[in-house]
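Chain letters run A, B, ... following the sequence lines, proteins first, then strands; residues in each count from 1.
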There are 2 protein chains.
Amino acid sequence: MGIHVVFGALADPTRLAIVERLLSSGDLTAGEIAAPFDISKPAISRHLKVLEEAGVVERRVERQFRVFRARREGFAQMEDWLEKSREFWNDSFDRLEKIFAEKGRPDAEDD
Amino acid sequence: MGIHVVFGALADPTRLAIVERLLSSGDLTAGEIAAPFDISKPAISRHLKVLEEAGVVERRVERQFRVFRARREGFAQMEDWLEKSREFWNDSFDRLEKIFAEKGRPDAEDD
DNA sequence: TCTTCATTTAACAAAAACATGAAATAACAT
DNA sequence: ATGTTATTTCATGTTTTTGTTAAATGAAGA
C-alpha cells in the first residue's frame with residue numbers, strides 16, 4: 001500500500017492526537033475519541049476512516065459502539081522504513097570514515 | 001514545529017522518493033533530483049522547499065548549483081516519536097501480562 | 001556587460017483535504 | 001414496531017496542495 005499513506009495519516013494534527021491518545025489509553029469508542037475535540041463528529045469519523053485505511057488503527061463493533069485501537073502493524077511499517085534509512089546513514093558514515101582514513105587526516109582542504 | 005509536519009513532508013510519493021534517493025546517493029543538485037521525474041522543475045523545487053521546511057533535508061549553494069542532502073535531525077525526530085510509541089506498546093503488554101498472571105494463566109490462547 | 005545555465009518565484013487552474021449540518025444506518029431497549 | 005443512542009454517509013462549501021507555464025533571480029563565464 002505504501003508507507004507514504006501511513007505518513008499521510010499521521011500528517012494531520014487531529015489524527016496524530018487521536019493516535020497518541022489511543023496509544024496511551026488503549027481502546028476507545030468513536031464518541032470518546034471525538035469528545036475532546038472542537039470539530040464535529042462526522043469530521044472525526046472521517047479521520048478515523050483515514051487512520052483505519054492506512055492500517056494505523058483497527059475498528060471493531062462492540063454492543064452499539066465502534067471501538068478503536070492502535071494497530072501494531074502500522075507502526076511496524078514505519079519502524080521498518082526508519083530502520084532501512086538508518087542503514088543508509090551508517091553506510092554513508094562508513095564511506096566518510098574510509099575517505100578520512102585514506103587521506104590520513106579528518107579535515108583536508110580539497111576541491 | 002511538530003512531528004506531523006515531518007510526516008506531512010513524507011506523505012507525498014514524489015517527496016518520499018526524493019528523500020530515499022538522497023539517502024542512498026548522498027548529495028544531489030536540484031537538477032539531478034528533478035531529472036528522473038515526469039513533473040516540472042518548479043514542482044520539484046516546491047517539494048524540496050517542503051522537505052527543507054520540515055527539516056528532512058538541508059540545502060547549500062555550491063558554485064551555480066543548489067545541493068541537497070538528507071538531514072539526520074529530521075529522522076531523529078521520527079525515531080524519537082516511534083520510540084515513545086514503542087514504550088506505550090510495551091506498557092500495554094505489561095498490563096496484559098499482569099491480567100494473565102492474576103488469572104493464573106500466563107499465555108492463554110483464547111480469541 | 002551580455003549570455004548561459006540552474007533554480008526559484010509568480011500567477012493561475014485543477015484536484016484533494018477538511019469542515020459542516022442534515023439525513024441515513026446500526027445496535028439496542030421498550 | 002418505535003424510540004434512543006452512537007456513528008456514518010451525503011451534499012456542499014472552503015481551504016490547501018499540487019501541478020503548469022512564464023518571468024525573475026543567481027552564479028559563472030566570455
Practice problem: Answer yes or no: does a side-chain N or O of A:S40 lie under 4.0 Å from OP1 or OP2 of C:dA19? | Solution: no
Self-check item: Closest to the B:T14 side chain, choosing from D:dG19, C:dT20, C:dT7
Solution: D:dG19
Quiz item: Looking at A:L51, A:L28, A:L48, which one forms a side-chain contact (heavy atoms from CB on, under 4.5 Å) with A:F68?
Solution: A:L48
Exercise. Pick base, sugar-phosphate or nothing for A:F68, based on heavy-atom distances below 4.0 Å to the nucleic acid.
Key: sugar-phosphate
Quiz prompt | Between D:dT17 (P) and A:D12 (CG): distance, integer Å | solution = 11 Å
Practice problem: For the pair B:R86 and A:E79, find out whether any cationic side-chain nitrogen is under 4.0 Å from an anionic carboxylate oxygen. | Solution: yes
Quiz item: Would you say C:dA17 has OP1 or OP2 under 4.0 Å from some side-chain N or O of A:H47?
Solution: no
Practice problem: Mind calculating the distance between CZ (A:R59) and P (C:dT25) to the nearest angstrom? | Solution: 17 Å
Quiz item: Would you call B:H47 and B:I39 a side-chain contact if the rule is heavy atoms closer than 4.5 Å?
Solution: yes
Quiz item: Could you give the CG-to-C1' distance, from A:L48 to D:dA6, as a whole number of Å?
Solution: 13 Å
Quiz item: Which residues satisfy the side-chain contact (heavy atoms from CB on, under 4.5 Å) test with B:A17, sequence neighbours excluded?
Solution: B:F37
Exercise. Any chance you could lay out the side chain to side chain contact (heavy atoms under 4.5 Å, CB included) test for A:D80 and A:E83, step after step, and finish with the verdict?
Key: CA-CA 5 Å; A:D80 291 349; A:E83 166 63 26; 5.5 Å; no
Quiz item: Under 4.0 Å: is that the gap between some side-chain N or O of A:R15 and OP1 or OP2 of C:dC18?
Solution: yes
Quiz prompt | Under-4.0 Å side-chain N/O to phosphate OP1/OP2 contact, B:T29 with C:dT7 | solution = yes
Exercise. Just jot down the side-chain contact (heavy atoms from CB on, under 4.5 Å) partners of A:R69, sequence neighbours excluded, or say none.
Key: A:D27, A:E58, A:R60
Practice problem: For residues A:I3 and B:L10, determine if any side-chain heavy atom of one lies less than 4.5 Å from a side-chain heavy atom of the other. | Solution: no
Quiz item: Within this structure, what is the CG-to-C1' distance between B:D38 and D:dT20, rounded to whole angstrom?
Solution: 14 Å
Quiz prompt | Distance in angstrom units between A:F37 CZ and C:dT20 P, rounded | solution = 12 Å
Exercise. Could you work out which one of C:dT7, D:dG19, D:dT8 sits closest to the side chain of B:R46?
Key: D:dG19
Practice problem: For A:A43, report the nucleic acid contact type (base, sugar-phosphate, nothing); a contact means any heavy atom under 4.0 Å. | Solution: base
Quiz item: OP1, OP2 of D:dT9 versus side-chain N and O of A:K49: anything below 4.0 Å?
Solution: yes
Self-check item: Connected via hydrophobic side-chain network under 4.5 Å: A:V6 and A:L16
Solution: yes
Could you run down the sub-3.5 Å N/O contacts of the protein with nucleotides 26-30 of chain C?
{"residue": "C:dA27", "atom": "O3'", "partner": "A:R63", "partner atom": "O", "Å": "3.0"}

Quiz item: Atom CD1 of B:I44 to atom C1' of D:dT20: distance rounded to whole Å?
Solution: 13 Å
Self-check item: Rounded distance (Å) that lies between atom P of D:dT18 and atom CG of B:L51
Solution: 10 Å
Self-check item: Nucleotide of D:dT7, D:dT18, C:dT8 approaching A:K41 most closely (side-chain heavy atoms)
Solution: D:dT7
Quiz item: Taking atom C1' of C:dT7 as reference, at what distance in whole Å does atom CD of B:E32 sit?
Solution: 13 Å
